[in-house]
Asks: 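What follows is a structure written as structure tokens; I'll ask about it next.
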Amino acid sequence: MRDGEDGGGRGDRVLGIESSCDETAAAVVAGGRVILSSVVASQADLHRRYGGVVPEIASRRHVELILPAIDTALHQAGIGGADLDAVAVTYGPGLVGSLLVGLSAAKALAFALQKPLIAVNHLEGHLYANLLTHPDTAPPYVCLIVSGGHTEILYVPEYGEYTLMGRTRDDAAGEAFDKIARLLGLGYPGGPALERAAQGGDPEAFAFPRALRGEPGYDFSFSGLKTAGLYAWRDIEARRVPVPLADFAASFQEAVVDALVERAVRAARDRNVRTLLLAGGVAANRRLQQRLAESARAAGVDLYCPPPALCTDNAAMIAAAGYFAWQKGRLASFDLNAAPNLRLAGERFTRRRERG
Ligand code: KG4
Ligand code: ZN
């Protein structure tokens, strides 16, 4: 462990707040490692009938849920606001209206309680979900972040330093799952529904395309696969034959998993790192975990993945990332704004301010 990354040091209890998409979440984490409470209020039921997240509905619901979520997180942690040492909040990337709700709550709380405010990049939060559960991991590592909005491979030579190795050129992996699940009438969110539907199915029943296979680099492309899925499904429906749903779902899942596994393990090998971290909502997919574990093992690389509840959006990961950012003096000021298109790689936090 490096200086400032050992979970000790000054201050302790960080309140994390997350509202970047359709989960309103608050959590208290001690020393960046110990989850004292983690509350996630999902809005999935609200968006289900639209087949996806409706931004305006999401932000209105965040307004209703954010204070109860914070209250519950404090209550479950057995502390009051005054016992907190800092407040960490997701400021991007995400839906601007949703981000602003969490951000406003965090600022108000930090101001009223006279506690430091810490700005957390949502993607960095996903990465820290791993460090929460596997404290023994340390850079250098390669990280595959797969969520509803992002599919990226990052090289992390040091804590807080990110080099983008590859990313999707179109849809994110989770987005591809969500869209195909919607087509199949499996509901929202699509990833878990598609995984369930794929159980017992033959992953080789349909020969879906593998884009960019054999090409150098680590980029992804899922839009061609999505279109191939759409046409194949329409064809099945037109032929009025018994619908091979499990085979179709398993084959689609396999095509996404194939691309993710091949690039991630090759990236780890090319960078000569021993550690590969899997993060983001799609990391909850068991087929992906299993295939990645097999392939990583064969390449002599250790794979780490958070438990499912920490793969999908939550505030414990934000509190953990916030804690370590704070230890490095990465404090935010009260003019912090939402950054809907925030990137992780190439970002440098140069602002170092100590609060009086
Ligand atoms: O990280 P996350 O909770 O939110 C974003 O930051 O986007 O990721 C949500 C995405 C959705 O696309 C959802 O369908 C997908 O993660 N997902 C899964 C699974 N669980 C969630 N995809 C495949 N298999 C799963 N088990
Ligand atoms: Zn996320």
Asks: Any side-chain heavy atom of L127 within less than 4.5 Å of one from Y141?
Replies: yes

Asks: Do L292 and V257 have side chains that approach each other closer than 4.5 Å (heavy atoms only, starting at C-beta)?
Replies: no

Asks: Can you tell me how the ring of Y323 sits relative to the ring of W326, calling it parallel under 30°, perpendicular over 60° and tilted otherwise?
Replies: perpendicular

Asks: Which heavy atom of F208 sits nearest to which heavy atom of A255, and what is that distance?
Replies: CB-CB, 4.0 Å

Asks: Would you find more than 12 non-hydrogen atoms of other residues, nucleotides or ligands less than 6.0 Å from R239 atom CZ?
Replies: yes

Asks: Does any N or O in the side chain of D178 come within less than 3.5 Å of the main-chain N or O of G190, such that one atom is a donor and the other an acceptor?
Replies: yes

Asks: Any chain of hydrophobic side-chain contacts (each under 4.5 Å) joining I145 to F222?
Replies: no

Asks: How far does CD1 of I153 sit from CG of L260, to the nearest 0.5 angstrom?
Replies: 8.0 Å

Asks: If I take atom CZ from residue R266 and atom CG from residue D270, how far apart are they, to the nearest 0.5 angstrom?
Replies: 6.5 Å

Asks: When you measure from the centre of the six-membered ring of Y218, is the NZ or CZ of R263 under 6.0 Å away and within 45° of the axis?
Replies: no

Asks: Please check this pair: side chain of Q76 against backbone of L36, looking for a donor-acceptor N/O pair closer than 3.5 Å.
Replies: no

Asks: For the residue pair F334 and F111, categorise the inter-ring angle as parallel (less than 30°), tilted (30 to 60°) or perpendicular (more than 60°).
Replies: perpendicular

Asks: Please report the shortest heavy-atom distance between A319 and A27, naming the atom on each side.
Replies: CB-O, 4.4 Å

Asks: Side chains of T275 and D302: any donor to acceptor distance under 3.5 Å?
Replies: no

Asks: Transitively linked via ILVMFWY side-chain contacts under 4.5 Å: L131 with L310?
Replies: no

Asks: Do the side chains of M317 and D313 get nearer than 4.5 Å, heavy atoms only?
Replies: yes

Asks: Any Lys/Arg nitrogen of D219 or R167 sitting under 4.0 Å from an Asp/Glu carboxylate oxygen of the other?
Replies: no

Asks: Okay, side chain of D12, backbone of G31: is any donor-acceptor separation there less than 3.5 Å?
Replies: yes

Asks: Test your reading of the model: is there a side-chain donor-acceptor pair from S20 to the backbone of G94, 3.5 Å cut-off?
Replies: no

Asks: Without hydrogens or angle criteria, can the side chains of N285 and Q253 be said to hold a donor-acceptor pair below 3.5 Å?
Replies: yes

Asks: Are V261 and L212 in one and the same hydrophobic cluster, where Ile, Leu, Val, Met, Phe, Trp and Tyr link if side-chain heavy atoms are under 4.5 Å apart?
Replies: no

Asks: Do L331 and L117 pass the side chain to side chain contact (heavy atoms under 4.5 Å, CB included) test, and can you show the C-alpha distance, the side-chain angles, and the key distance before you say yes or no?
Replies: CA-CA 6 Å; L331 298 186; L117 178 72; over 6 Å; no

Asks: Would the distance check show the side chain of D202 and the main-chain N or O of A250 forming a donor-acceptor pair, the cut-off being under 3.5 Å?
Replies: no

Asks: For C311 and C305: C-alpha separation, side-chain torsions, deciding distance, then whether side chain to side chain contact (heavy atoms under 4.5 Å, CB included) applies.
Replies: CA-CA 8 Å; C311 287; C305 180; 4.1 Å; yes

Asks: Are any of the side-chain heavy atoms of L277 and V142 separated by less than 4.5 Å?
Replies: no

Asks: Going by an N to O cut-off under 4.0 Å, is there a salt bridge joining K115 and D85?
Replies: no

Asks: Check S295 against V265 and note the closest heavy-atom contact, atom names and distance.
Replies: OG-CG2, 3.6 Å

Asks: Supply the atom-to-atom distance I318 CD1 to Y91 OH, rounded to the nearest 0.5 angstrom.
Replies: 11.5 Å

Asks: Look at the aromatic rings of H126 and H122 and report parallel, tilted or perpendicular, splitting at 30° and 60°.
Replies: perpendicular

Asks: Would one find more than 12 heavy atoms of other residues, nucleotides or ligands at under 6.0 Å from atom CZ of R48?
Replies: yes

Asks: Determine the minimum heavy-atom distance between V89 and A106, stating which atoms define it.
Replies: CB-CB, 3.5 Å

Asks: Quick one: does T133's side chain have a donor or acceptor within less than 3.5 Å of a partner on A129's backbone?
Replies: yes

Asks: Please find the pair of heavy atoms, one from A338 and one from L99, that lie closest to each other, and give the distance.
Replies: CB-CB, 3.9 Å

Asks: Tell me yes or no: between the side chains of T163 and E161, is some donor less than 3.5 Å from an acceptor?
Replies: no

Asks: Counting C-beta onward and ignoring hydrogens, is there a side-chain heavy-atom pair between Y162 and L123 closer than 4.5 Å?
Replies: no

Asks: Check for a donor-acceptor pair, side chain of N314 on one end and backbone N or O of T312 on the other, with a separation under 3.5 Å.
Replies: yes

Asks: When you look at CZ of R210, are more than 12 heavy atoms from neighbouring residues, nucleotides or ligands closer to it than 6.0 Å?
Replies: yes

Asks: Taking T90 for the side chain and G92 for the main chain, is one N or O donor matched with an acceptor at less than 3.5 Å?
Replies: no

Asks: List the steps, then state whether side chain to side chain contact (heavy atoms under 4.5 Å, CB included) holds for V34 with V29.
Replies: CA-CA 5 Å; V34 183; V29 173; 5.7 Å; no

Asks: Hey, mind stepping through E152 and R169 against salt bridge (charged side-chain N to carboxylate O under 4.0 Å, His left out) and telling me if it holds?
Replies: CA-CA 10 Å; E152 302 190 350; R169 296 184 185 172; over 6 Å; no

Asks: Mind checking whether F252 and L288 sit in one hydrophobic cluster, side chains of I, L, V, M, F, W, Y counted as touching below 4.5 Å?
Replies: yes

Asks: Distance check, rounded to the nearest 0.5 Å: L103 atom CG versus N337 atom CG?
Replies: 7.0 Å

Asks: Just by distance, with hydrogens left out, do H62 and S19 show a side-chain donor and acceptor under 3.5 Å apart?
Replies: no

Asks: Hey, mind stepping through Y188 and D22 against side chain to side chain contact (heavy atoms under 4.5 Å, CB included) and telling me if it holds?
Replies: CA-CA 12 Å; Y188 172 86; D22 65 338; 2.8 Å; yes

Asks: Would a hydrophobic clustering, with Ile, Leu, Val, Met, Phe, Trp and Tyr connected at side-chain separations under 4.5 Å, put L132 with L276?
Replies: no

Asks: Which distance, rounded to the nearest 0.5 Å, do you find between the CZ of R291 and the CD of E262?
Replies: 10.5 Å

Asks: Side chains of Q290 and E294: does their closest heavy-atom pair fall under 4.5 Å?
Replies: yes

Asks: Hey, is the main chain of T24 close enough, under 3.5 Å, to the side chain of R61 for a donor-acceptor pair?
Replies: no

Asks: Could you give the distance from CZ (R13) to OG (S37), rounded to the nearest 0.5 Å?
Replies: 11.0 Å

Asks: Please determine whether a side-chain nitrogen of the Lys or Arg among R287 and E195 lies less than 4.0 Å from a carboxylate oxygen of the Asp or Glu.
Replies: no

Asks: For F206 together with F248, are the ring centres under 6.0 Å from each other?
Replies: yes

Asks: Is R60 salt-bridged to E64, going by a charged N under 4.0 Å from an acidic O?
Replies: no

Asks: For the backbone of R343 and the side chain of N121, can you confirm whether one donor and one acceptor N or O come within less than 3.5 Å of each other?
Replies: yes

Asks: Does the side chain of V256 come within less than 4.5 Å of L225's, by heavy atoms?
Replies: yes

Asks: Count the heavy atoms of every other residue, nucleotide or ligand shown that sit under 6.0 Å from CD of E215, and state whether that count exceeds 12.
Replies: yes

Asks: If you look at every heavy atom in H47 and V53, which pair is closest and at what distance?
Replies: ND1-CA, 3.6 Å

Asks: Is there side-chain contact between V301 and V273, with at least one heavy-atom pair below 4.5 Å?
Replies: no

